[in-house]
Amino acid sequence: MSRPFRFGVNLMSAAPADEWDAKCRRAEELGYDVILVPDHLGMPAPFPALVAAARATERPRLGTFVLNAGFWNPALLAREVATTDALTGGRLELGLGTGYVRAEHDAAELAFGSPGERVDHLRRTVEELERLLGDEEHLPRPVQRPGVPLLIGANGDRMLELTARHADIAAFTGGRTVRGSTTGQLAPITAEELDERVARYRELAAGRKEPAELNLLIQMVAVTENRESAVRPYLERIPHLTPEQVLELPILLAGTLERITAQVRAQRERYGFTYLTVLEPFMEAFAPVLRALREDWPRRAPGP
């Protein structure tokens with residue numbers, strides 16, 4: 001049986017305590033299952049922001065989406081993870097990635113390295129976290145057992161291999177870094193290219209005992225009668241795609257409520273995505289989609 005949908009929102013804007021609490025409570029009211037925080041300079045520090053989110057809410061899980069492994073020493077990260085899991089009552093989900101914004105590494109006076117070196121560092125980080133947090137003698141200890149769920153954001157072959165081996169949640173960005181960009185500019189991949197990436201992941205994950213949850217990061221949500229108008233701002237940024245191809249991008253949801261919910265269900269069937277993350281600016285816009293999909297689930301869920 002397919003998994004039920006889960007929905008996360010990535011909160012990217014820093015705010016004073018009262019505003020942050022209100023924003024997190026609003027996400028809970030709207031029905032989001034996971035409150036997430038990214039790991040970029042100029043945005044909230046992930047772990048204290050998640051502890052504050054836990055104090056303001058009762059139900060949602062809390063996650064990093066995703067930590068830049070290049071910012072972290074594994075031993076220090078293990079301390080942060082265990083402490084945050086304890087302070088949030090075992091609600092933490094740990095998202096990790098290689099980092100892709102060279103300008104942030106330069107500002108932090110940290111080596112950026114080659115893509116291969118960044119993947120190597122992430123692999124060492126994941127393996128060391130598993131060793132440290134799996135040790136009953138390690139202090140502090142996370143609350144969750146057998147461990148804090150791990151999400152890895154990936155697209156390349158080596159990253160997909162790492163994800164298949166270690167991650168509870170496999171996250172797909174639907175984009176790739178623009179060659180030569182120092183600011184982390186991403187270019188979307190087409191629906192067919194995403195087919196290939198998900199298929200490659202499934203090949204690598206064929207030997208898993210338990211299948212991972214598959215996540216997709218949604219870049220835009222617009223509930224509208226005029227789909228073409230909604231995606232027009234993206235056409236100038238991705239001139240290599242036709243308007244028809246842009247409208248088919250899995251990471252853009254534009255159309256009537258009925259059309260968007262049908263698109264999400266179709267992408268679940270095509271790719272297996274049951275966990276969707278939206279960006280903070282679209283938290284309110286996605287809420288009616290979330291409700292419609294959740295109400296629809298018991299009726300449309302396949303039998304055993």
Side-chain angles (χ1 to χ4, degrees), residues 2-39 43-44 46-66 84 88-93 95 149 151 153 169 171-174 213-225 227 230 250-268 273-301:
S2 179
R3 294 176 184 264
F5 281 116
R6 282 206 308 160
F7 305 103
V9 57
N10 211 20
L11 301 183
M12 304 179 294
S13 301
D18 289 349
E19 292 179 21
W20 182 259
D21 291 351
K23 182 161 52 176
C24 294
R25 284 194 293 269
R26 181 58 177 161
E28 183 173 32
E29 290 168 1
L30 292 172
Y32 285 93
D33 301 288
V34 195
I35 293 173
L36 301 153
V37 179
D39 189 17
M43 296 185 186
F47 292 114
L50 293 176
V51 171
R55 300 294 175 89
T57 61
E58 296 180 0
R59 180 185 54 80
R61 302 280 292 172
L62 306 153
T64 57
F65 197 87
V66 293
T84 303
T88 60
R91 293 157 65 185
L92 181 65
E93 297 184 3
L151 174 151
I169 306 163
F172 293 80
T173 63
E213 186 176 32
L214 301 191
N215 169 276
L216 180 66
L217 174 60
I218 302 297
Q219 294 286 338
M220 187 272 280
V221 182
V223 180
T224 177
E225 297 284 344
R227 301 179 72 218
I251 59 174
L252 302 183
L253 301 179
T256 64
L257 178 61
E258 293 75 17
R259 182 160 193 155
I260 291 176
T261 55
Q263 179 182 342
V264 172
R265 286 194 296 267
Q267 290 180 179
R268 178 177 63 189
F273 296 129
T274 58
Y275 175 16
L276 302 182
T277 300
V278 299
L279 301 175
E280 180 178 347
F282 305 105
M283 180 173 77
E284 296 284 346
F286 187 72
V289 180
L290 177 161
R291 288 192 295 270
L293 289 166
R294 183 157 286 138
E295 291 166 0
D296 193 53
W297 166 253
R299 178 165 56 86
R300 288 185 176 267

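Values below: every heavy atom of this structure, side chains too, minus hydrogens, waters and symmetry copies.
A search for side-chain contact (heavy atoms from CB on, under 4.5 Å) contacts involving Arg25 returns Asp21, Ala22, Ala56, not counting sequence neighbours. Judged as a side-chain contact (heavy atoms from CB on, under 4.5 Å), and not counting sequence neighbours, the contacts of Ala287 are Leu30, Arg291. The side-chain contact (heavy atoms from CB on, under 4.5 Å) search around Thr224 returns Ala222, Asn226, Ala230, not counting sequence neighbours. Every side-chain hydrogen bond (donor to acceptor under 3.5 Å, both in side chains) that Asp39 has, sequence neighbours left out, goes to Trp72. Considering only residues two or more places apart in sequence or on other chains, Thr173 meets the side-chain contact (heavy atoms from CB on, under 4.5 Å) condition with Asn155. Legend: residues meeting salt bridge (Lys or Arg N to Asp or Glu O under 4.0 Å) with Arg61, ordered by chain and number and at least two apart, are Glu93.
In this structure, Asp33 CG and Arg294 CZ are separated by 4.0 Å, a value rounded to the nearest 0.5 Å. Atom CE of Met220 and atom CD1 of Ile251 lie 9.5 Å apart (nearest 0.5 Å). For the atom pair CZ of Arg6 and CD of Glu213, the computed distance is 4.0 Å after rounding to the nearest 0.5 Å. To the nearest 0.5 Å, atoms OG1 (Thr64) and CZ (Phe47) are separated by 5.5 Å. How far CD of Glu295 is from CG of Leu290: 9.5 Å, rounded to the nearest 0.5 Å. Atoms CZ and CG, from Phe5 and Leu293 in turn, are 5.0 Å apart once rounded to the nearest 0.5 Å.
For Arg259 (side chain) and Val223 (main-chain N/O), no donor-acceptor pair under 3.5 Å exists by modelled atom type.
For the pair Leu217 and Gln219, the tightest heavy-atom approach, listed with the atom from each and the gap, is CD2-NE2, 3.5 Å. Closest heavy-atom contact between Pro38 and Met43: CG-SD, 3.6 Å. The minimum heavy-atom distance linking Leu214 with Phe172 is given by the pair CD2-CE1, 4.4 Å. Across all non-hydrogen atoms, the minimal contact from Val9 to Ala27 is CG1-CB, 3.9 Å. Closest of all the heavy-atom pairs between Ile260 and Gly255 is CD1-O, 3.5 Å. When all heavy atoms of Val37 and Ala49 are compared, the closest pair comes out as CG2-CB, 4.1 Å.
Tested against Asn10, the residues Ile35, Leu36, Val34 include a single side-chain contact (heavy atoms from CB on, under 4.5 Å) partner, Leu36.
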List the atom pairs, with distances to 0.1 Å, where a side-chain N or O of residues 273-286 and a protein N or O form a donor-acceptor pair under 3.5 Å, not counting sequence neighbours.
{"from": "Thr277", "atom 1": "OG1", "to": "Asn215", "atom 2": "ND2", "distance (Å)": "3.0"}
{"from": "Glu280", "atom 1": "OE1", "to": "Met12", "atom 2": "N", "distance (Å)": "2.7"}
{"from": "Glu280", "atom 1": "OE1", "to": "Ser13", "atom 2": "N", "distance (Å)": "3.0"}
{"from": "Glu280", "atom 1": "OE2", "to": "Lys23", "atom 2": "NZ", "distance (Å)": "3.0"}
{"from": "Glu284", "atom 1": "OE1", "to": "Arg26", "atom 2": "NH2", "distance (Å)": "3.1"}
{"from": "Glu284", "atom 1": "OE2", "to": "Arg26", "atom 2": "NE", "distance (Å)": "2.8"}

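Residues Pro44 and Leu11 have side chains not in contact (no heavy-atom distance under 4.5 Å, counting atoms from C-beta outward).
Shown here is Glu29, whose CD atom has more than 12 heavy atoms of other residues, nucleotides or ligands within 6.0 Å.
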